[in-house]
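To keep things clear, I will list the structure first and then write my remarks on it.
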Amino acid sequence: MSVPVRVRIAPSPTGDPHVGTAYIGLLNYCFARHHGGKFVLRIEDTDQQRCSEASAQAIYASLKWLGLVYDEGPDVGGERGPYVQSERVKLGMYQRYAEQLIEQGDAYYCFCTARELDAMKARQRANNEPIMYDRRHRGADLAESRARVAKGEPYVIRLKVPLEGEHVYKDRLRKLPVAKGWKEIDDQVLLKSDGWPTYHLAAVVDDHLMGITHVIRAEEWLNSLPKHTLLNQKLGFTPPEYVHVGLLRNADKSKISKRKNPTNLLWYREQGFLPEALVNFLATLGHSHPDGREKFTLDELVSVFDLDRINVAGPVFDLVKLKNLQGQYFRELSPERMRAEVHRAVDARFDKLLPLVKERMVVGGDFIWQAEPFYADSVTHHVEDLVPKGWDKVQTKTMLEQLQQALKQFAAGEGSQWDAPSLEALIRGLMESRSQVPEGATDEARAAAQLWQNKPVFMALRVAATGKRESPPLFDTLAVLGSTKTLERLGLAQQKLR
Ligand code: GLU
C-alpha cells in the first residue's frame, strides 16, 4: 500500500500574508485533498528578528478566509506538533541532528568571528573570486574543536558539502534534469551561534518528523535542493519528493512584488474580493482545467487536480484578469449575499472614514459624497485643479513623479507603516531635502528647489490623490486611501499632465 500523502506549506511570518503563500497553499491543498491526504501548515520563524506573532495570525486568518483549510497547524494542533519552529527549538528538536552530523563527520564546528568572515569576503571580492566560506575549519581535529566548544568559545555548525561532482535532480515538472556542481555550494551553516537552526536544517528535519511525502514549493528553493538532498541522505531520512513550481510574476516577468502588484492577502479581503474568485484566479495561474474552463470552484479543481499539470512557466499575476473574474462571481451572487458583500465593503472602511469626513457632514447621507473618493476605484483629475497657481504642467508632473517615487519606495520597504505620521515625516523630509539650493546652482535648479518650499506641493498631492481641492487632512487621507490607490492615482494624475 502506498504511503498516504502529507504535504505542507511553511511560510515565514514576516510582514503581511503574501499572495504567493496562498498560491503555493492552494496547490498543496488540492494535491492533499485529491489523494485523501493531509495538508499541514508549519510556521518557519527561526529568523526571530524578522518574524512576528501578528504576522503568523494573519497567515492563519487569510488561509481560512480563502477556504484553504489545513488539517494540522499551530492553531489547530495535530499529532506531529508543535507546528511553529521557535517552539520546536525550545524543545531541543534540532540540536541533536546537528550533533549526529558532527559525530558522523558530516558537519563540523566553525569558530570564525564576524570580523574574520568579513575579511574573507573582502579578500575574495578583491581577487574576483566567488564569495563563499573558505572552509578553514573543515579539517580541524574534532577533539580539539570539542575542547574549544567546552571552553565556551562561540561556534556555528557547518555542513560538509562534497568538494567535487554535481547534484543532479530531475524534477517531475521539468523536462531536463537540473544540475549544480557541489563546488559552487557553500558549507552551509546548520546551527547558528545562538544554538538556533537555520532554515535548511529546520526544514529538512521537520519535513522528516512531520512525515511529509511531497514538498511542493516555489522554484526559488531549487537552489537549496542540493543541501536538502545531502542533509536527508546524511541523516538517514527517506526524502520527500521535491516539486518546484513556477513563481508568480509581475507583468515584466520579475518575481511578484508589492512594487508592481498588491501582494497582501488582507488587501484583497478589504477591497471586497470574494475568496472563491481569488482562489479560482490563482488556480488558473497554476493549473489549467482539463476542459479549458476558466471558471471553476475549489472542489472542482480538487477533483481534477494533477500534480503533473502544474504550470512551471512563471504565471503572470494580472490584476485586470482577476477583476474580470471577480466581477463574474460578484454578479452571480444571491441577492442576500450581494447585499452582505456591499455592507461588508462599506463597513470595512466605515469606522476609519467617518471620523475623517464628519467635519464636512450635515446629514447622514452626506457620508456618501464625502467618502466617495475613498471607495472609488479611480478619480477624475482636472488639470486646472492639479496645477498649482504660478506653476506649469511640466513642473507639476515632475513634482508628482518624485512624490510618487518616494512613496513607492516607502511602501515597498520592509516594515514600513503606511500611516499618517510616517507619511507626513516622509513628505516633509523630501520637501526639506529637495528645497535645499546647492551653492553655485543654476537658475533652473534654483527655481526647481524653490517649488519644494511651497505649500502647493500639498495641494498637488491632495488633488492627485483625491481628485478634489478639498479633502480631510492630507496625510490621514493618504493613510486611509492606502498605498495601492494613492500610487495608482498619482500615476493617473501625471498622465493628465502630459
Ligand atoms: N520558509 C520558507 C518560505 O518562507 C519555506 C520554503 C520551503 O517550502 O521549503 O517560503
Side-chain angles (χ1 to χ4, degrees), residues 5-32 38-53 55-56 58-60 62-63 68 70 72-74 80 82-89 93-94 97 159 169 171 173 178 188-190 192 196-232 235 237 239-249 255-258 263-265 282 286 307 310 312 414:
V5 163
R6 286 178 60 83
V7 290
R8 53 60 163 187
I9 51 168
S12 295
T14 56
D16 296 320
H18 200 274
V19 71
T21 300
Y23 178 66
I24 301 293
L26 171 66
L27 299 175
N28 276 282
Y29 171 91
C30 289
F31 182 64
K38 297 281 188 237
F39 172 48
V40 177
L41 171 66
R42 178 170 79 228
I43 291 293
E44 296 202 330
D45 61 345
T46 53
D47 186 349
Q48 286 277 285
Q49 237 118 57
R50 298 179 58 226
C51 295
S52 75
E53 174 58 24
S55 168
I59 293 175
Y60 312 153
S62 40
L63 290 174
L68 301 177
Y70 39 93
E72 296 168 32
R80 314 269 186 129
Y83 293 89
V84 178
Q85 284 183 333
S86 55
E87 292 173 28
R88 299 172 73 81
V89 171
M93 294 177 90
Y94 305 106
Y97 293 99
L159 178 64
Y169 187 71
D171 191 304
L173 295 181
V178 182
Q188 176 65 49
V189 174
L190 300 177
K192 298 181 270 189
W196 282 57
T198 55
Y199 153 69
H200 302 282
L201 178 66
V204 168
V205 166
D206 283 347
D207 286 338
H208 169 71
L209 295 178
M210 293 181 180
I212 300 303
T213 55
H214 300 74
V215 169
I216 306 169
R217 62 183 176 189
E219 68 189 352
E220 60 189 323
W221 301 104
L222 201 47
N223 257 333
S224 301
L225 186 63
K227 295 173 202 167
H228 297 180
T229 307
L230 188 63
L231 278 169
N232 277 304
L235 290 169
F237 300 160
E241 178 174 355
Y242 291 95
V243 183
H244 296 88
V245 309
L247 280 178
L248 295 182
R249 305 208 171 262
K255 174 182 169 184
I256 194 168
S257 63
K258 61 178 173 176
T263 55
N264 178 0
L265 289 170
L282 291 173
L307 195 51
I310 292 184
V312 272
E414 189 129 358

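We count ligands from 1, going down the list as the structure has it; atoms in each ligand are counted the same way. Here the structure is a predicted model, which means the values were calculated and not measured. If you read the sequence from its start, that first residue is 1, and numbering goes on from there.
- In this structure, CD1 on I9 lies 9.0 Å from CD1 on I24, to the nearest 0.5 angstrom.
- The protein atom (non-hydrogen) at minimum distance from atom 5 (C) of ligand 1 is A10 O, 3.3 Å.
- The distance between the ring centers of F237 and Y97 falls below 6.0 angstrom.
- The nearest protein atom to atom 4 (O) of ligand 1, hydrogens excluded, is given as S12 OG, 3.3 Å; this is a heavy-atom distance.
- Scanning the protein heavy atoms around atom 10 (O) of ligand 1, the nearest turns out to be W221 CZ2, 3.4 Å.
- When only non-hydrogen protein atoms are considered, atom 8 (O) of ligand 1 lies nearest to R8 NH1, 2.5 Å.
- Of the protein's non-hydrogen atoms, Y199 OH, 2.6 Å is the one closest to atom 9 (O) of ligand 1.
- For ligand 1, the polar-atom distance check against A203 finds no nitrogen or oxygen pair separated by under 3.5 Å.
- By the 30° and 60° cut-offs, the orientation of the rings of Y242 relative to H228 is tilted.
- Between E220 and K255 there is a salt bridge, since at least one side-chain N of the basic residue sits less than 4.0 Å from a carboxylate O of the acidic one.
- Side chains of Y94 and D206: a donor-acceptor N/O pair is present below 3.5 angstrom, by distance only.
- Within the 4.0 Å heavy-atom shell around ligand 1 one does not find H228.
- Closest approach of V215 and R8 over heavy atoms only: CG1-NH2, 3.6 Å.
- The protein atom (non-hydrogen) at minimum distance from atom 1 (N) of ligand 1 is E44 OE1, 2.6 Å.
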